[in-house]
There are 2 protein chains.
Amino acid sequence: MFDAVFKALAAPTRRQILDVLRDHPATTSDLCNRFPALDRCTVMQHLKVLADADLVIVQRKGRERWNHLNALPIKRIHDRWIGPYAAHAAEVIDKLDLALS
Amino acid sequence: MFDAVFKALAAPTRRQILDVLRDHPATTSDLCNRFPALDRCTVMQHLKVLADADLVIVQRKGRERWNHLNALPIKRIHDRWIGPYAAHAAEVIDKLDLALS
DNA sequence: ATAACATGTTATATTTATATAACATGTCAA
DNA sequence: TTGACATGTTATATAAATATAACATGTTAT
């Protein structure tokens, strides 16, 4: 269910792309300028992975392709997946506190 | 910084292992019984990735190896990484509400 | 002591992800 | 309309993740 999103977030380059898009949408060549170490094809492949995970929404405008961040899948993981783990961490810390007192 | 954790969470099998460990610690053979489709070596490799990301803490007891969940790295991602994205999602929704009213 | 058990180690096959190269299409602006 | 630009497509090389196999060590219970 969250698999595509987790996989998309696994690569540091893709998280960096999301960081850039959080500030404002960007065209693909904007992104290529931001990541001069990467080939344009590499950037596009990463964008495809992000778009497949619905983390990036693409809007074509003339000859430009505007890439927009969609943070909802991340919020969804936050709401439905992380909760129980955060609770587990809190529980362990509580037990530790209790043991120390 | 969070890279090892994100990478560790990327594989569905590893997330399933964490789900099991959230209920209670388990020995490696417990886990192998829970995942009969996987070879024991595969389970151990996944545990190594999880342990390297500090998501699993290993405690040796005699001939058994007890694997404990450590949810703190997940809580850390929650606290320091997800926040800005959740804010972005909320902001977009607010703008949408405003546009509709 | 010894057989069954639980785990550890090393090597390797298979699959998947990452990064480029080469070429193609569509768009804008002078 | 034509040259520069932005993007798309297909193929391929390289690196990394995933899954097993074969063998080894240490531990427990009888």
Base-pair map of DNA chain D as dot-bracket, where | denotes pairing with a different strand and pairs are Watson-Crick or G-U under 3.5 Å = ||||||||||||||||||||||||||||||
Below 3.5 Å, can you tabulate the donor-acceptor pairs from side chains in residues 5-14 of chain B to any protein atom, sequence neighbours excluded?
from: B/K7; atom 1: NZ; to: B/D3; atom 2: OD2; distance (Å): 3.2
from: B/R14; atom 1: NE; to: B/A8; atom 2: O; distance (Å): 2.8
from: B/R14; atom 1: NH1; to: B/H46; atom 2: ND1; distance (Å): 3.0
from: B/R14; atom 1: NH2; to: B/K7; atom 2: O; distance (Å): 3.2

Is there side-chain contact between B/V58 and B/L47, with at least one heavy-atom pair below 4.5 Å?
-> no
Do B/V49 and B/M44 share a hydrophobic cluster, counting only Ile, Leu, Val, Met, Phe, Trp and Tyr and linking them when any side-chain heavy atoms are less than 4.5 Å apart?
-> no
In terms of hydrophobic clustering (I, L, V, M, F, W, Y; side-chain heavy atoms under 4.5 Å; direct or indirect links), are B/L21 and A/W81 co-clustered?
-> yes
Residues that B/D30 engages under side-chain contact (heavy atoms from CB on, under 4.5 Å), provided they are two or more places apart = B/A26, B/T27, B/W66
Residue set satisfying side-chain hydrogen bond (donor to acceptor under 3.5 Å, both in side chains) with B/Q45, at least two apart, ordered chain then number -> none
The side-chain hydrogen bond (donor to acceptor under 3.5 Å, both in side chains) partners of B/D52 (sequence neighbours excluded) come to B/K48
B/R80 side chain vs B/I82 backbone, donor-acceptor pair below 3.5 Å | no
Interface residues of residues 12-28 of chain B with DNA chain C (non-hydrogen, below 4.0 angstrom) = B/T27, B/T28
Considering only heavy atoms, which members of residues 39-57 of chain A lie under 4.0 Å from some atom of DNA chain C?
-> A/D39, A/C41, A/T42, A/Q45, A/H46
Can you give each donor-acceptor pair under 3.5 Å made by side-chain atoms of residues 69-79 of chain A, sequence neighbours left out, with the distance rounded to 0.1 Å?
from: A/N70; atom 1: OD1; to: A/L72; atom 2: N; distance (Å): 3.4
from: A/N70; atom 1: ND2; to: A/D54; atom 2: O; distance (Å): 2.9
from: A/K75; atom 1: NZ; to: A/D79; atom 2: OD2; distance (Å): 3.2
from: A/H78; atom 1: NE2; to: B/H78; atom 2: NE2; distance (Å): 3.1

Return all side-chain donor-acceptor pairs below 3.5 angstrom for residues 83-101 of chain A, not counting sequence neighbours, or 'none' if the list is empty.
from: A/Y85; atom 1: OH; to: B/D19; atom 2: N; distance (Å): 3.2
from: A/Y85; atom 1: OH; to: B/D19; atom 2: OD1; distance (Å): 2.6
from: A/S101; atom 1: OG; to: A/L98; atom 2: O; distance (Å): 3.0

To the nearest Å, how far apart are A/R60 CZ and C/dG26 P?
-> 10 Å
All pairs passing side-chain hydrogen bond (donor to acceptor under 3.5 Å, both in side chains) where residues 32-44 of chain A contributes a residue, at least two apart | none
Within the structure shown, what part of the strands sits under 4.0 Å from B/A11 by heavy-atom distance: base, sugar-phosphate, or nothing?
-> sugar-phosphate
First and last nt of DNA chain D near chain A, cut-off under 4.0 Å to heavy atoms, 5' to 3', are D/dA4 to D/dT9
Rounded to the nearest 0.5 Å, what's the gap from CG on B/L55 to CZ on B/R15? Could you check?
-> 12.0 Å
Measure all distances between protein nitrogen or oxygen atoms and nitrogen or oxygen atoms of nucleotides 28-30 of chain C, and list the pairs falling under 3.5 Å.
none

Show the numbers, then the answer: is there a side chain to side chain contact (heavy atoms under 4.5 Å, CB included) between B/L18 and B/V56?
-> CA-CA 8 Å; B/L18 292 182; B/V56 162; 4.0 Å; yes
